[in-house]
> 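Below is the structure I would like to discuss, written out as structure tokens.
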Amino acid sequence: MIESSCVCGAVRLAITRAPDELVDCNCSICRRYAALWAYYPLKDVIVPGGLTDTFMQGPKKIEFHRCKICGCVTHWSPIDQRDRMGVNARLMEPEVVARARVRHLDGANTWKYLD
């Protein structure tokens, strides 16, 4: 298990394994959040309830979660039946992130990987 937490420590996600791959997306919301996403099946991440506020944008298929206290974007979760969520890897320990491959996604225009 690895842990990911916001800056104040109120939101702590427990994740079954370190990410092998991370996605740096340049879409309008991801670039503003400066998030680096690690994707997991829902069962692989334990999220504490009640400690986050949510925001939805665009087609409203995912909720972005942020800590109610410090405001850090911690993860996104699906509104539909998708079995995938994104965890903001920038909130993981640097040595965990350093071992993962970073892919660059052009979410602003083509929705293709640039690498």
> Between Pro48 and Leu13, what is the shortest heavy-atom contact and its length?
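Taking every non-hydrogen atom into account, CD-CD2, 3.9 Å.
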
> What's the spacing between Lys43 NZ and Thr16 OG1 if we round to 0.5 Å?
6.5 Å

> Could you tell me if the side chain of Ile46 sits less than 4.5 Å from the side chain of Met1, heavy atoms only?
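Met1 reaches Ile46 side chain to side chain.
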
> Check for me, please, whether Val97 and Leu91 land in the same ILVMFWY cluster - side-chain distances under 4.5 Å, paths through other members count.
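Val97 and Leu91: separate clusters.
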
> Would you say that Leu42 contacts Met85 through its side chain, given a criterion of any heavy-atom pair below 4.5 Å between the two side chains?
yes

> Measuring from atom CG of Leu105 to atom NZ of Lys112, what distance do you get when rounded to the nearest 0.5 angstrom?
11.5 Å

> Determine yes or no for a side-chain-to-main-chain donor-acceptor pair under 3.5 angstrom, with Asn88 supplying the side chain and His75 the backbone.
no

> Does the side chain of Gln57 come under 3.5 Å of the side chain of Ser28 through a donor N or O and an acceptor N or O?
yes

> Do Leu114 and Tyr39 belong to the same hydrophobic cluster, where Ile, Leu, Val, Met, Phe, Trp and Tyr are linked whenever their side-chain heavy atoms lie under 4.5 Å apart, directly or via other members?
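Each belongs to a different hydrophobic cluster.
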
> Going only through I, L, V, M, F, W and Y residues with side-chain contacts under 4.5 Å, is there a path from Ile2 to Leu36?
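Looking at the clustering, Leu36 is in the same group as Ile2.
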
> According to a hydrophobic-cluster definition based on side-chain heavy atoms being under 4.5 Å apart (Ile, Leu, Val, Met, Phe, Trp, Tyr only), do Met92 and Val23 belong together?
no

> Any idea which heavy atoms bring Cys25 and Cys30 closest together, and the distance?
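Result for this residue pair: O-CB, 3.5 Å.
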
> Under a 4.5 Å side-chain heavy-atom rule over Ile, Leu, Val, Met, Phe, Trp and Tyr, are Val11 and Val47 clustered together?
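Yes, Val11 connects to Val47 through the hydrophobic network.
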
> Which of parallel (below 30°), tilted (30 to 60°) and perpendicular (above 60°) describes Trp76 and Trp37?
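If you compare the ring of Trp76 with that of Trp37, the planes turn out perpendicular.
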
> Could you tell me which non-hydrogen atom of Arg12 sits nearest to which non-hydrogen atom of Glu3, and how far apart they are?
NH1-OE2, 2.7 Å

> Is a side-chain donor or acceptor of Tyr40 paired with a backbone partner of Arg17 at a separation under 3.5 angstrom?
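Yes; at least one donor-acceptor contact below 3.5 Å.
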
> What is the distance from atom CG of Asp20 to atom CZ of Arg101, rounded to the nearest 0.5 Å?
11.0 Å

> Give a yes or no on whether a salt bridge exists between Arg103 and Asp115, defined as a side-chain N under 4.0 angstrom from a carboxylate O.
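A salt bridge is present here (some side-chain N lies under 4.0 Å from a carboxylate O).
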
> Are Glu63 and Thr52 close enough, and set up right, to give a side-chain contact (heavy atoms from CB on, under 4.5 Å), and what steps lead you there?
CA-CA 11 Å; Glu63 290 181 320; Thr52 63; over 6 Å; no

> Which pair of non-hydrogen atoms, one from Ala108 and one from Asn26, has the smallest distance, and what is that distance?
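In terms of heavy atoms, the two residues are closest at N-OD1, 3.0 Å.
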
> Mind listing the closest non-hydrogen atom pair of Leu22 and Ala89 along with its distance?
CD2-CB, 3.6 Å

> Of the non-hydrogen atoms in Arg82 and Ile62, which two are nearest, and what is the gap between them?
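Residues Arg82 and Ile62, closest heavy atoms: NH2-CG2, 3.3 Å.
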
